[in-house]
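Worksheet: the structure to be examined is printed underneath.
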Amino acid sequence: MADLDLLLEELVTANRILAHEGVVDGFGHVTVRHPQRPDRFVMSRARAPECIEVEDLMEFTLDGTPVDPKGRKPYLERFIHGAIYEARPEIMSVVHNHSPSTIPFGITAKKLRPLMHMCATIGHELPVWDINDKFGDTDLLVTNMAMGRDLAKTLGNRPTALMRGHGCVVAADTLRKAVWISIYLELNANLQMKAMAMGDVKFLSRGEVDAVMARTSGFTVDRGWEYWCRRAGRSAGTLEIN
Ligand SMILES: [Zn+2]
């Protein structure tokens, strides 16, 4: 199979993994930048991630316009993905989800920060994007490029950001790493709530976070990927990820 076909299979697998691991439910999405057309990204039609097949995958230009929709209905919040790809040429995969443990950190003054070595890839501290700051009272969905670009600005060059009262975004240089960060973001948030209930939390230092990030190689990410594929009942595939 050509690289694109393998990548599309991986994108289906990523959807199934994120559903199986409780990062997404009937909602939330994961995308990849098109490997041959950096001005496009690939995303499923609007469907629960657990149910997605290759035939559901559609190409979009970075402004969220479907290239050949064939009657398929796109996700309303595709602008999140397009705006991040537009702002960050190095980013190859984006996840948006409503991962439950992250929500309290978007609506309180408590900062979400890595406290366990596996979770260091979430970045030093998650910024919080509040749609109300610029767009007033909305249904909280990111439904146009102006909103997407404002969110991408808050994300900056980080791997993750929270969205107040809504969820979060994850951006990475590979699909597998975006899945990795999304799973460990939920775990870190869950552990942080438990730790805070017990007392003061000792977080990873900046140097520790940098050291773990530098060491989280393709091999490490692939090892997690193989495990999550097995749990989700999907082939781990052969696409080489650096
Ligand atoms: Zn959403």
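Ligands are counted one by one from 1 in listed order, and the atoms in each one are counted from 1 as well. Please read all numbers here as calculations on a predicted model, not as lab measurements.
- The backbone N or O of Phe60 sits nowhere less than 3.5 Å from a side-chain atom of Arg40 that would complete a donor-acceptor pair.
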Enumerate donor-acceptor pairs with a distance under 3.5 Å from any side-chain N or O in residues 104-120 to protein atoms, sequence neighbours excluded.
from	atom 1	to	atom 2	distance (Å)
Thr108	OG1	Pro104	O	2.9
Thr108	OG1	Lys110	N	3.3

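- The line from CD1 of Ile183 to CD1 of Ile122 is 14.0 Å long, rounded to the nearest 0.5 Å.
- Side-chain contact check for Arg231 and Tyr227: at least one donor-acceptor pair (N or O, by modelled atom type) lies under 3.5 Å.
- Inspection of the environment of the Zn ion (ligand 1) yields the following protein N, O or S atoms under 2.8 Å: Glu77 OE1, His96 NE2, His98 NE2, His166 NE2.
- Between the CD atom of Glu186 and the CD atom of Glu21 there is a distance of 10.5 Å, given to the nearest 0.5 Å.
- The aromatic rings of His81 and Phe41 sit parallel to each other, their planes meeting at less than 30°, with 60° as the upper class boundary.
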